Amino acid sequence: MRPSDDTLDLAHLTDDQLVEIHVLLSDDQHLRACPACERRYQALVGALEQVRDEAISQADVVFTAERLHDQRERILRRLERHEHPAEVLLFPSRSGQEQATRHLLSPVRRWVAGAAVAGLVAGLFLGFAVDRRVGSLAGPTSRTVSLGTTAQRSTTDVSISRDEEMLSEIEDALTGPRKVLELSVIDMMTTPAELQDASFDPR
Amino acid sequence: MSRGDQVSVGAVSRSPATREHVAGTPGVRAPEAETALAARVQDLAASGDQAGARDLFSQIVARQQRRASRIAWHYLRDAAEADEAVQDAFVKAYTHIASFQRHLSFEVWFTRILINGCLDRQKARARRSRWLLAVSETAVRDQDAIERASRPSDRSPEDALIAREWRGRVASAVKKLPGRQRLVFLLCHYADHSTREVAEMTGLNESTVRVHLFRAIRKLRTALEERSHAT
């Protein structure tokens with residue numbers, strides 16, 4: 001195609017117009033006719049292609065064939081796992097607790113626990129009943145118990161008077177003449193006759 | 001060849017011609033074949049033949065994983081995370097194969113799943129980065145590997161340095177693009193999808209996709225011009 005003089009006379013395309021032509025993939029008459037604009041356009045397209053080639057080569061350096069192979073293997077393993085999902089286990093302590101609870105709630109254990117409770121209740125009841133019966137039979141005892149305080153008071157008084165007696169005896173013994181009847185007989189037997197008349201007066 | 005023909009080749013080189021070029025790499029760009037495979041997987045899964053469905057799906061994985069890994073890596077810039085995002089996307093696609101609509105392209109459907117996964121991961125990363133400032137070790141390792149690999153012996157040290165600087169500038173310029181512009185640019189230029197396909201993947205109007213692409217290229221022009229002047 002031969003460029004017409006009219007198209008060449010027009011002003012050159014701006015950078016934005018060149019980008020627009022590239023993005024829209026449009027066919028521009030001026031671009032076809034103007035060698036300068038076409039050069040600029042080719043430079044733009046070439047630079048973009050270089051950017052793309054660089055980007056692809058960079059990515060291929062990172063994602064080597066081996067890495068892609070590993071990636072594929074991992075994907076297939078994950079797909080396989082998806083078809084056979086792993087069994088979800090209960091949290092150990094919780095399952096253990098549940099087992100223990102179930103063990104405690106077994107029928108035999110329940111019967112044993114029930115019998116123990118019934119025995120305890122019966123024992124308490126019988127205990128109270130026996131206690132009441134014994135209480136009713138021993139009526140005077142309770143009176144004795146009620147009078148017990150007076151008796152106790154009198155006993156206390158007796159013991160106090162005995163104490164006083166004892167204290168007065170001690171006092172007499174200490175202050176009074178020292179005469180011990182049990183010893184006076186021995187004293188008489190052992191003391192010579194001439195000395196029995198003489199009295200000893202320390203004063 | 002006339003000028004008009006040259007222009008049209010240049011303009012179209014991004015779509016059919018480039019697709020042929022990319023399709024030369026293993027397992028890339030044969031959307032109709034994958035859609036047919038996905039339909040068969042759907043049938044097998046519906047009939048209860050899970051093993052057969054899985055075997056057939058592994059063929060789709062083999063054909064799509066490189067392209068998916070490229071997209072995820074360019075989006076996340078972390079090989080380990082991109083790897084996980086690709087795995088998750090394939091597993092999700094397989095488990096939801098019953099909801100795949102046969103009149104649509106499997107590649108478009110799958111890429112949509114992948115992009116959503118990448119977006120979720122990016123959001124999670126943004127949340128994490130509020131609390132943690134550590135740079136990912138794998139990202140640093142990947143960058144080292146790229147630097148080592150992109151050092152051909154026939155290049156002079158000056159050329160290698162210029163190329164490295166330019167790569168860094170383009171990468172940072174792409175990184176600085178707003179989210180949708182970056183996504184559209186990645187899908188159109190790195191994954192080599194048409195604006196119509198990108199519109200289907202992202203749920204945007206085709207005209208909106210074109211506007212995003214136009215703005216993205218305009219913003220990247222400074223970095224691109226530096227390269228064109230250098231070469």
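Proteins come first, then strands; the chains are lettered A, B, ... in the order of their sequence lines, and each starts at number 1. What you see is a predicted model, and the numbers here were worked out from it, not measured in a lab.
Taken to the nearest 0.5 Å, the CD atom of A:Q58 stands 12.0 Å off from the CZ atom of B:R70. Remark: A:R78 CZ to B:D88 CG distance equals 4.5 Å, nearest 0.5 Å. How far CZ of A:R72 is from CD of B:Q87: 12.5 Å, rounded to the nearest 0.5 Å.
For the residue pair A:L24 and B:R210, the shortest heavy atom distance occurs at CD2-CD, 3.3 Å. Residue B:A79 comes nearest to A:F63 through the heavy atom pair O-CZ, 3.7 Å, listed as atom of the first residue, atom of the second, then distance. Between A:V19 and B:R218, the closest heavy-atom pair is CG1-N, 4.4 Å. Between B:H74 and A:A59, the shortest heavy-atom distance links the atoms NE2-CB, 3.8 Å. Across B:F214 and A:D16, no two heavy atoms sit closer than the pair CE1-O, 3.2 Å.
Heavy atoms from other residues, nucleotides or ligands lying under 6.0 Å from CZ of A:R74 number more than 12. No more than 12 heavy atoms of other residues, nucleotides or ligands sit less than 6.0 Å from atom CZ of B:R215.
Side-chain contact check for A:L79 versus B:Q50: every heavy-atom pair is 4.5 Å or farther apart. You'll find the side chain of A:L48 reaches within 4.5 Å of the side chain of B:F185, heavy atoms only. The closest side-chain heavy-atom distance from A:H22 to B:I217 is below 4.5 Å. Looking at B:R66 and A:D60, their side chains come closer than 4.5 Å, going by heavy atoms from C-beta outward.
With B:H189 contributing its side chain and A:V51 its backbone, the two residues share no donor-acceptor pair below 3.5 Å.
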Practice problem: Check the pair A:D15 / B:R221 against side chain to side chain contact (heavy atoms under 4.5 Å, CB included), numbers first and verdict last. | Solution: CA-CA 9 Å; A:D15 288 344; B:R221 206 168 49 207; 3.1 Å; yes

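Interface remark: B:D55 contributes no atoms to any contact with chain A (heavy atom separation under 4.5 Å).
With hydrogens and angles left out, the side-chain atoms of B:Q65 and A:Q71 include a donor and acceptor closer than 3.5 Å.
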